[in-house]
Amino acid sequence: MNKTINQKAWFFVVPVFVLVAFNAVIPLMTVVNYSFQETFGNNVFMWEGTRWFKQILQSERFHAALGRQFLFTGIILVIQIPLGIAIALSMPKEGPWVSVCLVLMSMPLLIPWNVVGAMWNIFALPEIGFLGHTLNGLGFDYNFTQQIGDAWFTTILMDVWHWTSLVVLLSYAGLMSIQPAYYQAAEIDGASRWSVFRYIELPKMKKVLTIAILLRFMDSFMIYTEPFVLTGGGPGNATAFLSIDLVKMALGQFDLGPAAAMSLIYFFIVLLVCWVFYNLMMKNEEQS
Amino acid sequence: MSLELKNIEKKVGQETHIYPTNIKFEKNTINILLGSTLAGKTTLMQIMAGLDKPTSGEIHFNDQDVTGLKVQKRNVSMVYQQFINYPNFSVFENIASPLRILKVSEDEIKSKVGKIAELLKLSAMLNKKPSELSGGQQQRTALARALIKDSDLILLDEPLANLDFKLREELREELPKLFEDRDCIVVYATTEPSDALLIGGNTATLLEGKIVQYGKTLDVYSNPNNLNSAKVFSDPPINIADVKKIGSSFLIDNENFKWQNSNTKLSDGNYKVGIRPHNITTYKEGDNSIEIKGKILISELSGSESLIHFTKGKYNWVSLSNGIFQKKIGEEETLYMNVDEFLYFDQNNKLVKHV
């Protein structure tokens, strides 16, 4: 076989190359550039080496934000994954209600993030919001703008409301791909409902659940808009998750060097966790 | 032991899936449900298993009405076309799973699984997961699971359909042996007439939700009681033509094709003749062969058999010969038909004895 040499093919790669360069490589390299230097504007830079990285890694402020971030992500995963599976299991498998349920489930996912934040802000206001007013009327001392616990409660509730649907839809897709014969075979064996879930449904949903957990981890770990609109990171710094803290540092204080270093550390943490999680799941897959 | 369906009918909405059906399966028999897709084989089996309820009618097991009885209480097992196993159990645990639910002791489980695994050539795979097995081995695992619990009724719903040719042949030969010494009723659904002939036992031919004929497999094959039964039990499809008998002359298509046969007790009149493709061959077979000259339409090989489609008059014919014959498309060729094997049906599609 003789290959024809045709260098024109490179032309087809150029648009993608340019696009990726502009939307990923160049911004990222700018951040890398900032993270090693000090600047006072006017395009004057001074080399600082790894100083900003050391500073961030040792700063209590970063540790606190990272801790809050892991706590938040942990809580919403623990709530959303089982809740999503449970809702998916109780959804009808055929008939006209399927589309009704699917549309209802997709609704929260279609709402823009800042609208979700604004909605929940108004909804939860202690004086006039439906949720806030009702809770106070029931005798709870609820004020998410002033009490840390209430702020967390509201943020988590908002995220659960916004994103559980994604887990539901993915789990539902996984459930629908199980052939009816599996259920019949289990019925013939006399297997219990729990056994059917544990030994048929869960293993068959494993792949979509991996995706659901990864997506929910990444999205919640990078959450910004909703808590920013809802609580603005407050009260104090109580709900200042990593990205909120980062924006404060970069745009509020204009500490570009440390903020750039923090961005990169943030980026590597997300990458690392996803990589470890994915590899664990795949290793599991090979064993089974 | 016996399983009897009494006037079983199944309707889904306005549609009838099974028309009122009566059939009785006896102890230690293999019964084949033969019919094309949507003929109602699976529905019938699910009703027998208790996975589905009939719209009306009764199911009797050992002369006891079990119509409303749940599947868990019926001691049945079923094997499906898809290879159904617990995905994250080892082969051993998969085979053992029905026993675990019955709370059988560990020692007994070990010895039983060992025996059945040997029978199904799975001994070397007991520690593997189903996903590591070939399709044939996965289906053997499913079979082992069905066999291990000494069910009264074993239902096999096209168990070989998803296997490739070689594995299918292999497992098909083993199947009847697996059930030989078992005290149970086996029901086996298939679309393939060759499955029925190889497995033997009894066959029920099914067409559009009705049982057309039930009897000993060979009997049903050689004496189909009507045209539909013959159609269901013939692959490639049986050739059918209108024929007129006057004296010893048989005329098809206004004398376009005719032959003489005085050695018949058929009375004069109009019939439909059914000729199975393997009774039209490129060589003479039997003492009573007649010639047919036709124009070749398609000539194809299937293994060591030759399938030749040709046209004669207003009918297209299919012939199946043993050996490899290749004919030129468009040429006139002479083929031979074995008159003794012809099946004659009257105007109501009922079989008429002719010898």
Side-chain angles (χ1 to χ4, degrees), chain A residues 81-82 85 88-89 92-99 170-214 277-288, chain B residues 12-13 42-43 45-52 70-91 93-103 127-132 139 141-143 145-146 148-149 151-159 161-162:
Chain A
I81 300 296
I85 297 173
L89 282 171
K93 293 212 168 124
E94 52 189 6
W97 287 103
V98 171
S99 2
L170 284 169
S171 308
Y172 188 70
L175 282 175
M176 291 306 281
S177 70
I178 303 175
Q179 291 155 338
Y182 276 94
Y183 294 106
Q184 287 183 10
E187 207 179 323
I188 289 173
D189 280 358
S192 65
R193 181 71 192 86
W194 167 252
S195 305
V196 170
F197 173 70
R198 176 66 189 81
Y199 301 116
I200 297 175
E201 290 173 330
L202 207 53
K204 288 270 171 189
M205 278 198 290
K206 196 169 149 193
K207 279 191 181 139
V208 283
L209 281 180
T210 308
I211 305 237
I213 293 172
L214 267 181
F277 178 75
Y278 186 77
N279 275 293
L280 278 179
M281 291 307 280
M282 286 304 116
K283 210 174 166 188
N284 239 326
E285 188 72 11
E286 274 166 30
Q287 279 168 358
S288 61
Chain B
V12 179
T42 302
T43 315
M45 290 187 121
Q46 291 191 337
I47 290 172
M48 289 176 199
L51 288 163
D52 202 352
K70 276 196 156 182
V71 59
Q72 292 92 331
K73 307 216 165 136
R74 286 211 199 175
N75 198 18
V76 295
S77 31
M78 191 153 178
V79 176
Y80 296 84
Q81 180 178 341
Q82 308 92 339
F83 317 132
I84 304 292
N85 293 303
Y86 292 104
N88 58 349
F89 279 6
S90 65
V91 170
E93 280 307 319
N94 257 297
I95 301 174
S97 64
L99 299 182
R100 293 243 186 263
I101 288 163
L102 295 172
K103 308 251 184 274
N127 291 320
K128 291 192 174 173
K129 293 269 166 73
S131 53
E132 296 171 86
Q139 192 64 315
T141 308
L143 268 167
R145 235 183 51 235
I148 200 157
K149 69 172 184 180
S151 309
D152 300 321
L153 177 63
I154 299 181
L155 301 161
L156 306 155
D157 192 359
E158 297 189 49
N162 282 10

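Reminder, nothing fancy here: chain letters follow the sequence lines and each chain counts from 1.
- Residue contact with chain B, scored on non-hydrogen atoms closer than 4.5 Å, involves the side chain of A:Gln179 exclusively.
- Looking only at heavy-atom pairs under 4.5 Å with chain A, the residue among B:Val76, B:Ile101, B:Val79, B:Asn75 that has the most is B:Ile101.
- Using a 4.0 Å cut-off between charged side-chain N and carboxylate O, B:Lys129 and B:Glu93 make no salt bridge.
- Comparing B:Arg100, B:Gln82, B:Lys149 by how many heavy-atom pairs each has under 4.5 Å with chain A, the most go to B:Gln82.
- With a 4.5 angstrom heavy-atom cutoff, B:Arg145 touches chain A only via side-chain atoms.
- We find that A:Glu187 and B:Lys70 are not joined by a salt bridge, their nearest charged nitrogen and carboxylate oxygen being 4.0 Å or further apart.
- Side chains of B:Thr141 and B:Asn94: a donor-acceptor N/O pair is absent below 3.5 angstrom, by distance only.
- Under 3.5 Å, the side chains of B:Tyr80 and A:Gln184 contain a donor-acceptor pair of N or O atoms.
- With no hydrogens or angles considered, no side-chain donor-acceptor pair links B:Gln81 and B:Asp157 at under 3.5 Å.
- Heavy atoms of B:Gln46 lying under 4.5 Å from chain A belong exclusively to its side chain.
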